S.K.: 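Got a structure for you, questions after.
We count ligands from 1, going down the list as the structure has it; atoms in each ligand are counted the same way. Just so you know, these numbers come straight off a predicted model, no measurement behind them.
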Amino acid sequence: MKKIFVILMLMLGFIARSALAELKVVASTSDLASIAKYIGGDKISVKYIVDGRSDAHFVEVLPNYMVMVSRADVYLKVGLGLDFWAQLIIDGSRNSKIQIVDCSQGIEVLGKPSGQVNASMGDVHAEGNPHYQLDPADGLIMARNIEAGLVEADPANTAAYEAGLKSFEDQLNSKLAQWQKEAEPLKGLQIITFHESWPYFSRAFGIEIVGFIEPKPGIEPTASHTAEIIDMIKIRGIKIIGKEPYFSNKAPNVIARETGARVVDLPQMVGGSPGTDTYFALFDTLLARLNAAAGSNP
Ligand SMILES: [Zn+2]
């Protein structure tokens, strides 16, 4: 009798858990987490490792990330070498059942190095530029990859994930029309940025990124390279120095003082600064800041 009671309680416990269970998703970045939430809605819970306040190239692998992943069903990776640290977290989690989704599948990769890449030079874009989230067209590819991953991990909720993807795509298309209008006065605008985060954004909106404060992606500014950037800004009459929020103001301020150009905080991921809580809000804020800095009125 006691045995039957125990089995019954176990069964009830199992039923209660599965009825309430959300699919547990962990994403490398806040961008992937934001897109996943649009698709998965209340069928999933989403956590992420890094947001726009930190440099996603350099993440310290902490034990609590491994604990988080040990309890997860799906892991969303950026790929292209950006979140190479994700594999260390996944291995450390000892979660052999987790489903890993590489969200860069199907992305047309920009900035692929031609010839040999010398890793000793510290170039963090050795597999091509990994900041593809900054073209909204790539946001749709990311969303499709995420939806496919959710469906595979949780086929019972396929209809919900399909509807989530459709709704994301509809919202993205309507925002895209708005963003293209807002970007109209920015076409051909030349700016300098700290890191090479922007080739996909540039492709999407026509802004020209003509130089970087970093001599190479991931390499600290040097005096000689800074002098070259100062000359370029003076010669071309550049007015804007874009800076991702997690970089030091030191070199940008020196350049601004020498040239009269203005330093503008340009968050390149969700959560990088106020007004960037979602993937859509990120583009709203970027275009508003660039228009304000350029003195244009879309
Ligand atoms: Zn980078």
Side-chain angles (χ1 to χ4, degrees), residues 27-35 48-61 76-89 102-105 107-115 117-139 141-142 191-205 207-222 225-226 229 240-252 263-273 276 279 282-283 285-286 290:
S28 281
T29 65
S30 49
D31 301 304
L32 297 177
S34 176
I35 296 174
Y48 57 82
I49 307 287
V50 62
D51 71 15
R53 291 169 300 176
S54 315
D55 189 345
H57 281 296
F58 302 103
V59 168
E60 193 186 350
V61 173
L76 305 175
K77 271 176 84 164
V78 176
L80 299 178
L82 180 91
D83 49 353
F84 66 93
W85 39 263
Q87 200 53 51
L88 303 175
I89 296 173
D102 182 343
C103 296
S104 71
Q105 292 298 308
I107 297 285
E108 186 199 333
V109 181
L110 301 178
K112 270 200 168 165
S114 50
V117 175
N118 187 349
S120 68
M121 293 176 76
D123 191 329
V124 291
H125 291 174
E127 295 177 35
N129 194 296
H131 304 292
Y132 57 82
Q133 83 280 3
L134 284 165
D135 182 344
D138 288 342
I141 297 173
M142 293 153 77
I191 71 169
I192 297 284
T193 62
F194 199 108
H195 180 76
E196 200 172 348
S197 308
W198 308 95
Y200 298 89
F201 187 80
S202 172
R203 178 180 69 185
F205 298 113
I207 295 148
E208 289 180 31
I209 318 294
V210 294
F212 310 99
I213 296 178
E214 288 179 323
K216 274 185 182 299
I219 305 289
E220 291 277 317
T222 59
H225 182 71
T226 299
I229 291 292
I240 298 173
I241 303 164
K243 187 185 80 70
E244 296 82 351
Y246 43 84
F247 286 117
S248 157
N249 273 311
K250 210 171 137 199
V263 181
V264 180
D265 248 17
L266 296 180
Q268 42 88 289
M269 278 181 8
V270 168
S273 63
T276 61
Y279 186 67
L282 177 65
F283 293 100
T285 294
L286 282 171
L290 284 165

S.K.: Charged N to carboxylate O under 4.0 angstrom, Asp135 versus Arg203?
M.R.: yes

S.K.: What is the name of the N/O/S atom in His125 that sits closest to the Zn ion (ligand 1)?
M.R.: NE2

S.K.: Pair Ile192, Val210 - check side chain to side chain contact (heavy atoms under 4.5 Å, CB included), show working.
M.R.: CA-CA 6 Å; Ile192 297 284; Val210 294; 4.1 Å; yes

S.K.: So, of the N/O/S atoms that His57 has, which is the nearest one to the Zn ion (ligand 1)?
M.R.: NE2

S.K.: The test is side chain to side chain donor-acceptor pair (under 3.5 Å); show your working for Gln268 and Tyr200 and say whether it passes.
M.R.: CA-CA 11 Å; Gln268 42 88 289; Tyr200 298 89; over 6 Å; no

S.K.: Run through Glu244, His57, Glu196 and flag the one making a side chain to side chain donor-acceptor pair (under 3.5 Å) with His131.
M.R.: His57

S.K.: Closest N/O/S atom of His131 to the Zn ion (ligand 1), by atom name?
M.R.: NE2

